[in-house]
Amino acid sequence: MTPNASSLATSLVQSVDWLAVAPPTIAALAGLAVLVADLFLPERRKHLLGWGAIAGLALAALALLPLLDGDRSTFCLTTGTHACSYTADTFALVIQFLVLGGALLTALLSFSALDDLKLPAGEFWFLLLSSASGAALLPASRDLATLVIALEVASLPAFALVGLRRGDRLSSEAALKFFLSSVTATAVMLLGVSFVYAATGSLHLSRIADALTHVDPRLDTLAQAGVVLTLVGFAFKTAAVPFHFWVPDTYVGAPVPVAAYLSVIGKAVGFSGLILVTVLAFPSYADVWGPAVAVLAALTMTAGNAAALRQRPERSFSAVRLLAWSSVAQAGYLLVPIAAAGYADSGQDASRAIGSTVSYALMYAVVNLGAFAVAALVARTSPANRLTDYRGLYAARPAAALALGFFLLCLAGLPPGVIGLFAKVTVFSAAVDAGLGWLAVVMALNVVVALYYYLQWTAALFRTPGPAAEPEPVPAAGAAVTRPRAVPLTAAIALTAAAGIALSGAPQLVLRFASSTLL
């Protein structure tokens, strides 16, 4: 090899910062370890796979600690331009903590579901860890190719998790709807990515942002179309209207822990991707995506609350459906600061608006996982999981009723759920500061509307139990077992309740992100 060729080869070699990529890597390796261990463990010891998955997720979360001392980047171009494919900055670390913590709580919820629904343990834990590794990779991704790959690594195992109840019609139908709609959204997003690449000649977010400031006028329409189409895929993951139609059926058909996972981790994936492409890659096209996201926010919160109001308490799975539509409405609130970032006068104002979304997402993750945890507990004795099944819950399970009441009040933004109130005020302030007064009014009206169904459910918990209703037929896979494994589920409820109470006592622990620069 000639000296020039040797020098060229050396300049093209990329060094890998293994510490920076440790969190998603550990989750992925834990998934592979669980899959291999499943081949050798006897059936009576399969529960050890769950504890192995929890240990892997805890280790992945602990791997975030050495990264707190500063931004670390890897997989960078060696051609003189500082453009990297992976960056472990403050934003990435916060979202990775949310993802891995949420996956850990989901794992605690899942022990009882594996017993009750007779789910295959090895496949379940492998799919959960695989999806969590993709979700942890996405917020640190800094080029469109890595973003798309991370999005699909997070999504493909989720399709299988939804349809894991073999022989169950609802589960199979939910998985098929989820898969088809997601694949369509991904295809549209890939078309948008190709348009952006054609207009800018790069896939790295920082280089795209620079190229879009002086794009060839002949390619301006192509670039605008690429921006809009790229956002479609992430809008689907956030369950924004009109890309929300898969949510209620998917949540009902999936095991309750999987529905909880999708409601929190799935949204974290969608929102982090949406933030990255809008704020980092497309800031010069804020006049295109800013108004679009504002309209999406208004439509999403309104449609979600309207559908939640229409839920009939006696209908099978009405509790899960209400949580599903509630998550759609909450997605609308989460979109508000992103829209505000499109109207910001400076990068610092945009970062402050994004901080509002992140702080709200952290609050939402804790209390929504807690609400689903109580729903999973009730589903063990009432598999139909109707809202009427929660009437008089305080008389039977006082601790669970108090926890669920607290979680619902947090989602409603009422004391003692102080963290929910402060998070909503922060989001509202972001809209006002950006000059989006009309969106702030729409949000305020929707918050008032949502009080009705949150308070109605909360009040039912403390009413006198009514006469036993005739059980509605439910899929055989949903039948409860006689001696369930309840300790991890109880631990999940206790952890989320403790976290919610602590955050309500010191909301600045989360809300400080509203005034810090995350990107």
- request: I would like to know whether Tyr333 and Asn446 meet side chain to side chain contact (heavy atoms under 4.5 Å, CB included); could you show each step before the answer?
  value: CA-CA 9 Å; Tyr333 305 144; Asn446 272 280; 3.9 Å; yes
Quick check for you: to the nearest 0.5 Å, what is the distance between [X] atom [atom1] and [Y] atom [atom2]?
X: Leu191; Y: Phe195; atom1: CG; atom2: CZ; answer: 4.0 Å
X: Leu387; Y: Glu314; atom1: CG; atom2: CD; answer: 9.0 Å
X: Leu489; Y: Leu377; atom1: CG; atom2: CG; answer: 5.0 Å
X: Ser316; Y: Asp389; atom1: OG; atom2: CG; answer: 8.5 Å
X: Leu322; Y: Tyr390; atom1: CG; atom2: OH; answer: 10.0 Å
X: Lys118; Y: Leu164; atom1: NZ; atom2: CG; answer: 14.5 Å

Short side-chain to backbone donor-acceptor contact, [X] and [Y], under 3.5 Å:
X: Arg165; Y: Gly253; result: yes
X: Ser131; Y: Leu127; result: no
X: Ser133; Y: Pro24; result: no
X: Ser172; Y: Arg169; result: no

Nearest heavy-atom neighbours spanning [X] and [Y]:
X: Ala324; Y: Pro248; result: CB-CA, 4.0 Å
X: Thr300; Y: Ala240; result: OG1-CA, 3.5 Å
X: Ile493; Y: Thr496; result: O-OG1, 3.0 Å
X: Thr278; Y: Trp289; result: O-CZ2, 3.4 Å
X: Thr458; Y: Gly405; result: CG2-CA, 4.1 Å
X: Ala331; Y: Lys267; result: CB-CE, 3.7 Å

message: Quick one, Leu144 with Leu147, criterion side chain to side chain contact (heavy atoms under 4.5 Å, CB included). Give me CA distance, side-chain angles, the key distance, then yes/no.
response: CA-CA 5 Å; Leu144 291 178; Leu147 273 173; 4.1 Å; yes
- prompt: Can you tell which of Leu109, Leu114, Leu108 makes a side-chain contact (heavy atoms from CB on, under 4.5 Å) with Pro257?
  reply: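 Per the side-chain contact (heavy atoms from CB on, under 4.5 Å) rule, the option paired with Pro257 is Leu109, out of Leu109, Leu114, Leu108.
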query: side-chain contact (heavy atoms from CB on, under 4.5 Å) with Leu262: which of Val162, Leu161, Val269?
result: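 It is Val162, the one option of Val162, Leu161, Val269 that forms the side-chain contact (heavy atoms from CB on, under 4.5 Å) with Leu262.
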message: When you compare the side chains of Tyr454 and Ser326, does any donor N or O come within less than 3.5 Å of an acceptor on the partner?
response: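 Result is yes, a qualifying pair exists.
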task: Please determine, by modelled atom types, if Ser110 and Tyr261 share a side-chain donor-acceptor pair under 3.5 angstrom.
output: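 No, Tyr261 and Ser110 have no side-chain donor paired with an acceptor closer than 3.5 Å.
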Is any side-chain heavy atom of [X] closer than 4.5 Å to a side-chain heavy atom of [Y]?
X: Leu151; Y: Met189; result: yes
X: Val153; Y: Leu137; result: no
X: Arg352; Y: Pro337; result: no
X: Lys237; Y: Ser155; result: yes
X: Trp438; Y: Val441; result: no
X: Ser327; Y: Tyr364; result: yes
X: Val425; Y: Ser429; result: yes
X: Thr381; Y: Arg397; result: yes

- prompt: Are more than 12 heavy atoms from other residues, nucleotides or ligands located less than 6.0 Å from atom CZ of Phe245?
  reply: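 Enclosed.
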- prompt: Counting heavy atoms not belonging to Tyr343, are there more than 12 under 6.0 Å from its OH?
  reply: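 Yes, enclosed.
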query: Under the salt bridge (Lys or Arg N to Asp or Glu O under 4.0 Å) test, which residues partner Asp433, sequence neighbours left out?
result: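 Asp433 satisfies salt bridge (Lys or Arg N to Asp or Glu O under 4.0 Å) with no other residue.
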task: Can you sort out the partners of Glu152 under salt bridge (Lys or Arg N to Asp or Glu O under 4.0 Å), two or more places apart, ordered by chain and number?
output: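 Not a single residue meets the salt bridge (Lys or Arg N to Asp or Glu O under 4.0 Å) criterion with Glu152.
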query: Residues two or more places apart in sequence or in another chain: which of them pass side chain to side chain donor-acceptor pair (under 3.5 Å) with Ser318?
result: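 Ser318: no side chain to side chain donor-acceptor pair (under 3.5 Å) contacts found.
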- request: Please assess Leu455 against Leu414 for the test side chain to side chain contact (heavy atoms under 4.5 Å, CB included), listing each intermediate value before the final yes or no.
  value: CA-CA 10 Å; Leu455 291 178; Leu414 291 176; 3.7 Å; yes
field: From CA spacing to verdict: side chain to side chain contact (heavy atoms under 4.5 Å, CB included), Tyr360, Lys424
entry: CA-CA 7 Å; Tyr360 195 100; Lys424 280 185 167 58; 2.9 Å; yes
query: When the ring planes of Phe178 and Phe159 are compared, do they come out parallel, tilted or perpendicular, using 30° and 60° as the limits?
result: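 Perpendicular.
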message: Classify the ring geometry of Trp125 against Phe111: parallel below 30°, tilted from 30° to 60°, perpendicular beyond 60°.
response: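 The arrangement is tilted - the two ring planes meet at 30° to 60°.
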